[in-house]
Engineer: 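Please see the structure below; I have some questions.
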Amino acid sequence: MVRHVQSDSDSSHDDRPVIKLSQSQRPVHKVLGGHRVADIMLWRDRNLSAGILAGATLIWFMFDVAEYNAVTLLCHIALLGMLLLFIWSNAAHLLDRDPPQIPDVIVSERSFRELALTIHSKLAHFASVLYDIACGKDLKKFFVVIGSLWIVAVIGELGSFTTLLYVGFLCALTLPALYERYESEIDRLFAKGGQDLKKFYKKVDSNVLDKIPRGPVKTKAH
């Protein structure tokens with residue numbers, strides 16, 4: 001749900017309340033969790049974020065555009081990795097270098113346990129929220145979720161599952177950064193859009209809904 005905050009700087013020019021997209025006054029980085037994932041989504045490390053975006057784009061191109069088979073791709077990656085390790089390990093003895101070592105973080109039991117616990121907690125929270133919405137405790141959220149699922153279903157018919165995942169990943173990697181950079185302009189735009197929607201609803205209510213005949217209200221006899 002959006003928040004209405006009246007800013008002092010805009011009050012002299014516009015009486016419209018500013019619609020804030022974030023839930024609280026915290027920075028966007030804190031709203032996203034404030035961890036490494038938030039740094040990537042907000043492009044704190046541009047090289048890492050650009051590399052992840054380029055990798056996702058390459059994967060999408062190979063699977064959806066070039067129609068590369070997943071099994072073939074995994075086999076080719078494994079073959080290339082084994083070939084590089086073979087060359088590196090044999091060349092290390094000739095060049096008096098240390099042979100390649102598998103980083104401990106890749107096979108760390110603690111890392112896998114923390115990842116599993118994080119995924120479990122996120123899924124449990126998502127299932128709880130989805131259950132509350134499905135039970136109709138908040139009708140506004142219920143209709144918003146129904147409409148969103150319908151829109152996603154329509155979009156899914158226009159492209160493949162890989163394209164849908166790539167579009168979602170692209171939005172997650174670009175929209176938060178754009179909102180953080182142009183926060184005041186986006187909030188002002190949403191404020192104008194909210195006011196226009198309210199005016200449109202009032203016009204429809206006065207010109208259409210109020211003219212619908214309604215039966216007399218029956219009073220109970222005591």
Engineer: Run through the side-chain heavy atoms of Ile, Leu, Val, Met, Phe, Trp and Tyr, join any pair under 4.5 Å, and report what else lands in Ile52's cluster.
Structural biologist: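 Grouped by the 4.5 Å side-chain rule, Ile40, Trp43, Leu48, Leu53, Trp60, Phe61, Val65, Tyr166, Phe169, Leu170, Leu173 form the rest of the cluster around Ile52.
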Engineer: Tell me whether Glu185 at atom CD has more than 12 heavy atoms from other residues, nucleotides or ligands lying less than 6.0 Å away.
Structural biologist: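 Yes.
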Engineer: Nearest 0.5 Å, please: how far is CD1 in Ile87 from CG in Asn90?
Structural biologist: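 Taking CG in Asn90 and CD1 in Ile87, the distance rounds to 9.0 Å.
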Engineer: How about Thr162 and Asp64: does a side-chain donor come under 3.5 Å of a side-chain acceptor?
Structural biologist: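 There is no such pair (donor and acceptor under 3.5 Å, judged by atom type) between the side chains of Thr162 and Asp64.
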Engineer: With sequence neighbours excluded, what pairs up with Arg44 under the salt bridge (charged side-chain N to carboxylate O under 4.0 Å, His left out) test?
Structural biologist: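 Listed in chain order: Glu180.
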Engineer: Looking at every heavy atom in both Pro176 and Met41, which two are closest together, and how far apart are they?
Structural biologist: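 Heavy atoms only, the tightest pair is CG-CE, 3.7 Å.
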Engineer: What's the spacing between Cys171 SG and Leu178 CG if we round to 0.5 Å?
Structural biologist: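 If we round to the nearest 0.5 Å, Cys171:SG and Leu178:CG are 10.0 Å apart.
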Engineer: Tell me whether Leu58 shares a hydrophobic cluster with Phe63, the cluster being built from Ile, Leu, Val, Met, Phe, Trp, Tyr side chains joined at under 4.5 Å.
Structural biologist: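 Yes, one cluster joins them.
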Engineer: Quick test of your reading: applying salt bridge (Lys or Arg N to Asp or Glu O under 4.0 Å), list the pairs with at least one residue in residues 123-136, sequence neighbours left out, ordered by first then second residue.
Structural biologist: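 Checked against salt bridge (Lys or Arg N to Asp or Glu O under 4.0 Å) - neighbours excluded - the pairs reaching residues 123-136 are Asp132-Lys137.
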Engineer: Please lay out, stage by stage, how Asn69 and Leu73 fare under the test side chain to side chain contact (heavy atoms under 4.5 Å, CB included).
Structural biologist: CA-CA 6 Å; Asn69 186 274; Leu73 178 63; over 6 Å; no
Engineer: Determine, using the 4.5 Å side-chain heavy-atom cutoff (strictly less than), whether Leu83 and Trp88 are members of one ILVMFWY cluster.
Structural biologist: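 No, because Leu83 and Trp88 fall into different hydrophobic clusters, even though each may have its own neighbours under 4.5 Å.
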Engineer: Within this structure, what is the CG-SG distance for the pair Leu80 and Cys75, rounded to the nearest 0.5 Å?
Structural biologist: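 Here the rounded value is 13.0 Å.
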Engineer: Taking the hydrophobic residues Ile, Leu, Val, Met, Phe, Trp and Tyr, and joining any pair whose side-chain heavy atoms are under 4.5 Å apart, which ones share a cluster with Leu165?
Structural biologist: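 ILVMFWY cluster around Leu165 also holds Phe161.
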Engineer: Which heavy atom of Tyr179 sits nearest a heavy atom of Asp187, and at what distance?
Structural biologist: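 Shortest heavy-atom contact: OH-OD1, 3.1 Å.
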Engineer: If you link ILVMFWY side chains whenever their heavy atoms are less than 4.5 Å apart, which other residues fall into the same cluster as Leu197? By chain and number, please.
Structural biologist: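 Members other than Leu197 - counting any ILVMFWY side chain reachable under 4.5 Å - there are none.
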Engineer: Are Val167 and Val152 joined in one hydrophobic group, where the rule is that I, L, V, M, F, W and Y side chains link up if heavy atoms are under 4.5 Å apart?
Structural biologist: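 No; tracing contacts between hydrophobic side chains, which count when under 4.5 Å, never links both residues.
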Engineer: Keeping Ser49 on the side-chain end and Arg46 on the backbone end, is there a donor-acceptor pair under 3.5 Å?
Structural biologist: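 Such a contact is absent between Ser49 side chain and Arg46 backbone.
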Engineer: With rounding to the nearest 0.5 angstrom, report the CE to OG distance, Met82 to Ser89.
Structural biologist: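 The CE atom of Met82 sits 10.5 Å away from the OG atom of Ser89.
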Engineer: Nearest 0.5 Å, what's the CD1-CZ distance between Ile133 and Phe143?
Structural biologist: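 One finds 12.5 Å between CD1 of Ile133 and CZ of Phe143.
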Engineer: To the nearest 0.5 angstrom, please state how far the NE2 atom of His120 sits from the NE2 atom of His125.
Structural biologist: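 Reported to 0.5 Å precision, the distance equals 13.5 Å.
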Engineer: Is Leu79 reachable from Phe86 through a run of I, L, V, M, F, W or Y residues, each pair having side-chain heavy atoms under 4.5 Å apart?
Structural biologist: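 Hydrophobic grouping puts Phe86 apart from Leu79.
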Engineer: Is Leu117 isolated, or which residues cluster with it under the ILVMFWY side-chain rule of less than 4.5 Å, directly or via members?
Structural biologist: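 Hydrophobic cluster check, Leu117: no partners found.
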Engineer: Same cluster for Val71 and Leu74 if Ile/Leu/Val/Met/Phe/Trp/Tyr side chains link at under 4.5 Å?
Structural biologist: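 No; tracing contacts between hydrophobic side chains, which count when under 4.5 Å, never links both residues.
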